[in-house]
2 protein chains.
Amino acid sequence: MRWEELDREPCSLARSLSIVGDRWTLLVLRECFLRVRRFEEFEQRLGIARHVLADRLKKLTDAGVLTKVPYQERPRREEYRLTEKGLDLYPVMLSLLDWGDKWMSGAEGPPVIRRHKACGQVVHAVHTCSECGEPLDARSMTVELGPGAKGAELPSETAEGSSAK
Amino acid sequence: MRWEELDREPCSLARSLSIVGDRWTLLVLRECFLRVRRFEEFEQRLGIARHVLADRLKKLTDAGVLTKVPYQERPRREEYRLTEKGLDLYPVMLSLLDWGDKWMSGAEGPPVIRRHKACGQVVHAVHTCSECGEPLDARSMTVELGPGAKGAELPSETAEGSSAK
DNA sequence: CTTGACAGGTTCCGTTTCGGAACCCATTGT
DNA sequence: ACAATGGGTTCCGAAACGGAACCTGTCAAG
């Protein structure tokens, strides 16, 4: 599997990673969710090399995750904003955030907390089944080939004592 | 922000990315969730360069995401299994999977589907508030510095017309 | 009307990381 | 004695990254 062909893999994870699966992209998107929009501000807050930032913003824009919105003419200046496709990455951010809070925080606790506007509580996300509403975890799901599977195969099920079963 | 110091950033997303934020790690973990455990099998299924695979497996093992379990002696052979910390990454996989299903699938639909054992339905994950149970999205949350924030700052809130508000 | 600042890039160069192939090593099968 | 197996390590050229310098419109100041 080559990196440049990831987006054509018959796997939604691979396809997602063809967009967000590199060192910087999710950090750029973190800033977007924190309402950062301008080149300079991304650069200053992230300490990213300018041409890498330019490349990521271009790729995210080409992918439809960000969109350039002019905020002045003469000289023309544009800022980057999340599209609906980009906003939809929020669950990805949240999952990584919650995992980091749980497994990568020191004794002091997490560095940033999130509060739910609706209930006012400090919260984390619970993944629930879209059909029955029960919480989901790795052991409660099975996978099957779907309609878009062309020649893909799942590994054989012969293994036993699975930790991921 | 340097890549080697990501794990010391006061940000759970950065800390998570210090472990899973590269080209291959989440694909290796995808295989783990599909019950792949052996070096050769990872290599064949992923088409990853052997030394890159060896490096990722070592880093994941050092990070406590995978653990090496001997399955024979003489010659000693070990396989890689997800730890609890690794299994806890399932929501991350699921979020990326669902996003890819929604935004990266062609007209045929997603290549792989997931079925919830408990209810038997094909499902996707819904992120809900751990406190009130309502669905969460980017616009329903506010962020605040938490107990582990040392000197970190959130961007100023002066921006208006926010698309991520 | 020349100089400087500002926002947003692009170019260049030296260091890392990656992809691919070859090689290593202990043990068992033929 | 020799090949196969599983799990790596080594080596090389290509791609990506980090850092600094440079470029491009436009306006404002001297």
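Side chains are part of it too, since the values below use all heavy atoms of this structure and drop only hydrogens, waters and symmetry mates. Letters A, B, ... are given to chains in the order of the sequence lines, protein chains preceding strands, and every chain is numbered from 1.
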Do any N or O atoms of the protein come closer than 3.5 Å to N or O atoms of nucleotides 5-10 of chain C, and which pairs are they?
residue: C:dA7; atom: O4'; partner: A:R77; partner atom: NE; Å: 2.9
residue: C:dA7; atom: O4'; partner: A:R77; partner atom: NH2; Å: 3.3
residue: C:dA7; atom: O3'; partner: A:Y71; partner atom: OH; Å: 3.1
residue: C:dA7; atom: N3; partner: A:R77; partner atom: NH2; Å: 3.1
residue: C:dG8; atom: OP1; partner: A:Y71; partner atom: OH; Å: 3.0
residue: C:dG8; atom: OP1; partner: A:E78; partner atom: O; Å: 3.3
residue: C:dG8; atom: N7; partner: A:R50; partner atom: NH2; Å: 2.8
residue: C:dG9; atom: OP2; partner: A:Y80; partner atom: OH; Å: 2.7
residue: C:dG9; atom: N7; partner: A:R50; partner atom: NE; Å: 2.9
residue: C:dG9; atom: N7; partner: A:R50; partner atom: NH2; Å: 2.4
residue: C:dG9; atom: O6; partner: A:R50; partner atom: NE; Å: 3.2

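Each of A:T25, A:V52, A:V28 was checked for a side chain to side chain contact (heavy atoms under 4.5 Å, CB included) with A:L57, and the lone residue meeting it is A:V28.
The existence of a salt bridge linking A:R15 and A:E9 is excluded, since no basic side-chain nitrogen approaches an acidic carboxylate oxygen closer than 4.0 Å. Salt-bridge annotation for B:K68 and B:E79: absent, with no side-chain N of the basic residue lying under 4.0 Å from a carboxylate O of the acidic one. Salt-bridge annotation for A:D98 and A:R114: present, with a side-chain N of the basic residue lying under 4.0 Å from a carboxylate O of the acidic one.
Atom CG of A:L27 is separated from atom C1' of D:dC17 by 14 Å (rounded to the nearest Å). Rounded to a whole Å, the CG atom of A:L6 is 14 Å from the P atom of C:dC18. Rounded to whole Å, atom C1' of D:dA14 lies 14 Å from atom CZ of A:R2.
When heavy atoms are screened at a 4.0 angstrom cut-off, A:W24 is found touching the sugar-phosphate backbone but no base atom.
Ring geometry for B:F33 versus B:Y90: interplanar angle of 30 to 60°, hence tilted.
For the pair B:R74 and C:dC25, the criterion of a side-chain N or O lying under 4.0 Å from OP1 or OP2 is not met. Regarding contacts with the backbone of D:dG6, every side-chain N or O of B:R37 stays at 4.0 angstrom or more from both OP1 and OP2.
For the 3.5 Å distance criterion, the side chains of B:W99 and A:D88 fail to qualify, holding no donor opposite an acceptor.
For the pair B:I48 and B:E73, both in contact range of DNA chain C, the more 5′-proximal nearest nucleotide belongs to B:I48.
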